[in-house]
Amino acid sequence: MQGESGSNDSADVRAALSRLRRASGLPVAFGGLLAGTGRYRINELSGTASAALRGLHIHHGNGLGGKAAAQSRPFAVADYHSSPAISHEYDAAVDAEGLRSVLAVPVIVRRRVRGVLYGALRRPLRLGDRPLAAAMEAARELEQALLLQDEAARLLSVARQPAAADPAMWEEVREAHGALRALAQRIADPVLRREMLAACGRLAAASSGRSRGADGVAPALAPREVDVLACVASGATNAEAAQRLGLRPETVKGYLASSMRKLGAHSRMQAVIAARRAGVLP
């Protein structure tokens with residue numbers, strides 16, 4: 001189930017599996033993302049004793065995960081090997097890992113199944129509501145991460161188009177950039193938050209066609225200073241920026257003043273223009 005966006009997807013799947021194990025109490029978790037039409041490739045393992053499941057291709061409708069993907073809902077079996085509710089194309093790999101009780105949850109982004117997460121025990125046991133709820137929550141968080149990656153990639157693609165593109169498109173990019181930065185601050189997972197902010201940085205640099213200031217040195221703006229400038233660029237007042245970012249108006253004022261000083265600007269708009277020229281804002 002190799003992800004469509006490469007290493008970032010793999011990191012997100014690993015984080016989701018870690019959350020699944022921690023919240024559900026299940027000792028084994030594995031999964032991955034879409035790897036072609038109607039098939040998913042297991043490329044991330046957590047708590048496994050062997051590599052028997054790694055690289056396994058799960059086809060739409062086959063086995064527990066394939067059934068979950070085909071019907072877009074979670075499924076669980078108390079004893080995988082003897083369950084009459086699923087087909088048994090993958091028994092050899094499951095038996096090699098010694099798994100018995102297994103659940104599978106689809107990862108759905110924009111109504112499209114993008115992958116499957118599994119949790120498992122090495123003894124036959126009917127899984128209760130707690131592990132299933134934990135697996136579904138891990139899948140929801142992974143869906144959000146993939147959605148944010150998709151949006152960042154779309155905006156980055158737009159930003160790389162010729163500068164003569166529709167001005168309204170650029171306004172959309174700038175507004176979305178500010179919204180994504182504000183959203184990143186509400187993401188609890190520090191790895192995902194860093195990835196989101198890095199994507200915002202690439203978007204800003206691609207928009208301006210450069211990543212450094214006029215003197216060849218990138219301005220050392222703090223992340224919150226960039227957040228405030230992004231809000232100011234959209235026309236927000238200090239009070240509106242504070243509400244959007246979950247800060248106090250006085251704190252926003254302080255960040256704005258420090259960013260203006262670093263950028264050598266004497267007004268809010270001069271700071272926004274300087275930040276755009278430096279590749280800090282789109």
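Keep in mind that what you see is a predicted model, and the values were worked out from it rather than measured. The figures that follow rest on heavy atoms only: side chains count, while hydrogens, waters and symmetry mates do not.
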remark   = Here the gap from Lys262 atom NZ to Ser259 atom OG, rounded to the nearest 0.5 Å, amounts to 8.0 Å

task = Report the C-alpha separation of Glu225 and Ser258 in whole Å, then their side-chain angles, then the decisive distance to 0.1 Å, and conclude whether the side chain to side chain contact (heavy atoms under 4.5 Å, CB included) test is met.
result = CA-CA 8 Å; Glu225 291 172 342; Ser258 62; 2.5 Å; yes

request  = State plainly whether one hydrophobic cluster holds both Tyr255 and Met269, where clusters connect Ile, Leu, Val, Met, Phe, Trp and Tyr through side-chain heavy atoms under 4.5 angstrom apart.
outcome  = yes

ask   = Measuring from Ser267:OG to Met260:CE, what's the distance to the nearest 0.5 Å?
value = 6.0 Å

Enclosure of Gln243 CD (heavy-atom neighbours >12, cutoff 6.0 Å) = no

message = Starting from Leu221, can I reach Ile273 by hopping between I/L/V/M/F/W/Y residues whose side chains sit under 4.5 Å apart?
response = no

query = Who are the side chain to side chain donor-acceptor pair (under 3.5 Å) partners of Arg122, not counting sequence neighbours?
reply = Glu97

inquiry  = Parallel, tilted or perpendicular, judged at 30° and 60°: which one describes the rings of Tyr80 and His88?
reply    = perpendicular

query = Knowing that exactly one of Arg100, Arg123, Arg126 qualifies, which makes a salt bridge (Lys or Arg N to Asp or Glu O under 4.0 Å) with Asp79?
reply = Arg100

note = Closest non-hydrogen contact found for Gly25 with Arg130 is N-NH2, 4.1 Å

ask   = Could you give the distance from CZ (Arg140) to CG (Leu147), rounded to the nearest 0.5 Å?
value = 12.5 Å

message = With a 4.5 Å cut-off on side-chain heavy atoms, are Leu33 and Asp12 touching?
response = no

inquiry  = Any heavy-atom pair between the side chains of Ile42 and Tyr90 that's under 4.5 Å?
reply    = no

inquiry  = Test your reading of the model: is there a side-chain donor-acceptor pair from Arg14 to the backbone of Ser46, 3.5 Å cut-off?
reply    = no

key: Shortest non-hydrogen separation from Ala236 to Arg268 and the atoms involved   = O-NH2, 2.9 Å

ask   = For the atom pair OG (Ser87) and NE2 (His59), what is the distance rounded to the nearest 0.5 Å?
value = 11.0 Å

ask   = Do Thr251 and Leu245 pass the side chain to side chain contact (heavy atoms under 4.5 Å, CB included) test, and can you show the C-alpha distance, the side-chain angles, and the key distance before you say yes or no?
value = CA-CA 11 Å; Thr251 305; Leu245 298 173; over 6 Å; no

key: Residue pair Ala16 / Leu142: nearest heavy atoms and the distance that separates them   = CB-CB, 4.1 Å

message = Determine whether Leu53 and Leu99 satisfy the following criterion, side chain to side chain contact (heavy atoms under 4.5 Å, CB included), listing intermediate values before the conclusion.
response = CA-CA 11 Å; Leu53 296 165; Leu99 304 180; 4.0 Å; yes

request  = To the nearest 0.5 Å, tell me how far Leu117 CG sits from Arg19 CZ.
outcome  = 9.5 Å

ask   = Is Leu281 reachable from Leu197 through a run of hydrophobic residues whose side-chain heavy atoms are each under 4.5 Å from the next?
value = no

inquiry  = Using side-chain heavy atoms (C-beta onward) and a distance below 4.5 Å, is Val113 in contact with Val107?
reply    = no

query = Atom CD of Gln71 and atom NE2 of His60: how far apart are they, to the nearest 0.5 Å?
reply = 9.5 Å

task = Find out whether Ile58 and Val116 are in side-chain contact, i.e. whether some heavy atom of one side chain is under 4.5 Å from a heavy atom of the other.
result = no

task = Taking all non-hydrogen atoms of both residues into account, name the closest pair between Gly115 and Tyr40 and its distance.
result = CA-CD2, 3.8 Å

inquiry  = Could you check whether any side-chain heavy atom of His81 comes within less than 4.5 Å of a side-chain heavy atom of Val94, counting everything from C-beta outward?
reply    = no

inquiry  = Less than 4.5 Å apart, side chain to side chain, heavy atoms only: is that true for Val228 and Arg224?
reply    = no

ask   = Below 4.5 Å, heavy atoms only, C-beta onward: do Pro74 and Leu103 meet side chain to side chain?
value = no

ask   = Looking at residues at least two apart in the chain, or sitting in another chain, which of them share a salt bridge (Lys or Arg N to Asp or Glu O under 4.0 Å) with Arg248?
value = Glu250

task = Determine the minimum heavy-atom distance between Ala29 and Arg21, stating which atoms define it.
result = CB-CG, 3.6 Å

message = Can you give me the closest heavy-atom contact between Ala51 and Leu45, atom names plus distance?
response = CA-CD1, 4.3 Å

query = So do the side chains of Asn62 and Arg39 get within less than 4.5 Å of each other, counting heavy atoms only?
reply = no

